[in-house]
Amino acid sequence: MKLLRYGAPGAERPGLLDGTGQIRDLSGHVDDIAGATLDPATLARLAVLDETALPRVSGTPRLGPCVADVGKFICIGLNYSDHAAESGMPVPDEPVIFMKASSAITGPNDTVLIPRGSDKTDWEVELGVVIGRRAKYVPEAEALDYVAGYCVCHDVSERAFQIERSGQWTKGKSCDTFGPIGPWLVTRDEIRDPQSLSLWLTVNGERVQDGSTATMVFGVAALVSYLSQFMSLMPGDIISTGTPPGVGLGMKPPRYLKPGDLVELGIEGLGIQRQLFAADA
Ligand code: ZN
């Protein structure tokens with residue numbers, strides 16, 4: 001299933017994308033697409049619905065973040081060896097973990113705001129992993145059982161805030177609108193192998209990132225297992241699994257986003273995001 005949320009910011013309704021690309025309303029069946037909806041029993045109940053019997057949503061409504069009420073937005077740094085190289089960093093021995101504020105989450109096609117004082121706002125297409133069951137001390141062989149599904153994540157990053165302003169990376173990753181997720185949450189049954197997905201990103205039509213999850217240093221199962229040794233992963237938590245090479249920081253000279261730039265990004269089987277960048281007020 002491709003689960004989504006549509007409507008005005010803060011007033012989104014749950015829906016799904018049917019086999020013909022039409023949005024169908026799910027509000028007769030679930031309150032929202034959020035933690036409690038993502039457990040295996042609820043997903044199984046939704047999976048057997050006759051989608052043609054669900055109310056059809058007319059027009060092309062705004063899409064909200066594909067998951068509501070995200071408790072933890074956990075990011076993995078330097079998880080593609082060639083991206084580590086372009087960042088001038090060694091490939092880590094263990095996953096590099098940082099948090100992105102959940103208040104940064106926004107819809108997949110919403111305008112992204114370049115924060116005050118920023119001149120190094122950068123892009124990162126990433127595979128997002130959405131947790132469906134509480135995971136604690138999970139072995140790697142069972143880790144994917146705890147995954148509800150996958151989505152496109154844009155880990156928008158301000159490099160000066162992240163790297164030049166001291167401390168940890170969080171403040172360069174957490175600005176409002178720096179976390180577009182969606183367009184939809186694709187349930188795990190539709191993604192046979194999360195380690196063989198192509199992912200890409202363009203800036204004003206020019207392809208700058210072109211990679212595959214096959215070159216991740218730590219794969220999805222390893223990351224879920226690893227994180228669960230240190231914290232309980234809860235339904236609705238999102239793990240953004242790192243970006244392939246081609247970010248602005250790695251270009252010579254570095255290239256950053258400015259108001260008016262259009263960024264599009266996608267992952268095989270998970271859909272496409274499209275964002276206009278604008279100055280924050
Ligand atoms: Zn990232």
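Note that ligands are numbered from 1 as they come in the structure, with each ligand's atoms numbered from 1 the same way. Treat the numbers as computed from the prediction; the structure is a model and nothing was measured.
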As a quick check of understanding, evaluate side-chain contact (heavy atoms from CB on, under 4.5 Å) for Asp145 and Arg188, giving each step before the final call. CA-CA 9 Å; Asp145 295 345; Arg188 178 164 50 94; 4.2 Å; yes
What I want to check is whether the side chains of Ser118 and Glu158 have a donor and an acceptor closer together than 3.5 Å. yes
For residues Leu46 and Thr37, determine if any side-chain heavy atom of one lies less than 4.5 Å from a side-chain heavy atom of the other. yes
Side-chain touch Ile267/Tyr150, heavy atoms, less than 4.5 angstrom: no
Listing protein N, O or S under 2.8 Å around the Zn ion (ligand 1) gives Glu124 OE1, Glu126 OE2, Asp155 OD2
Near Phe230 CZ, under 6.0 Å, is it more than 12 heavy atoms from other residues, nucleotides or ligands? yes
So does Asp155 pair up with Lys100, basic N to acidic O under 4.0 Å? yes
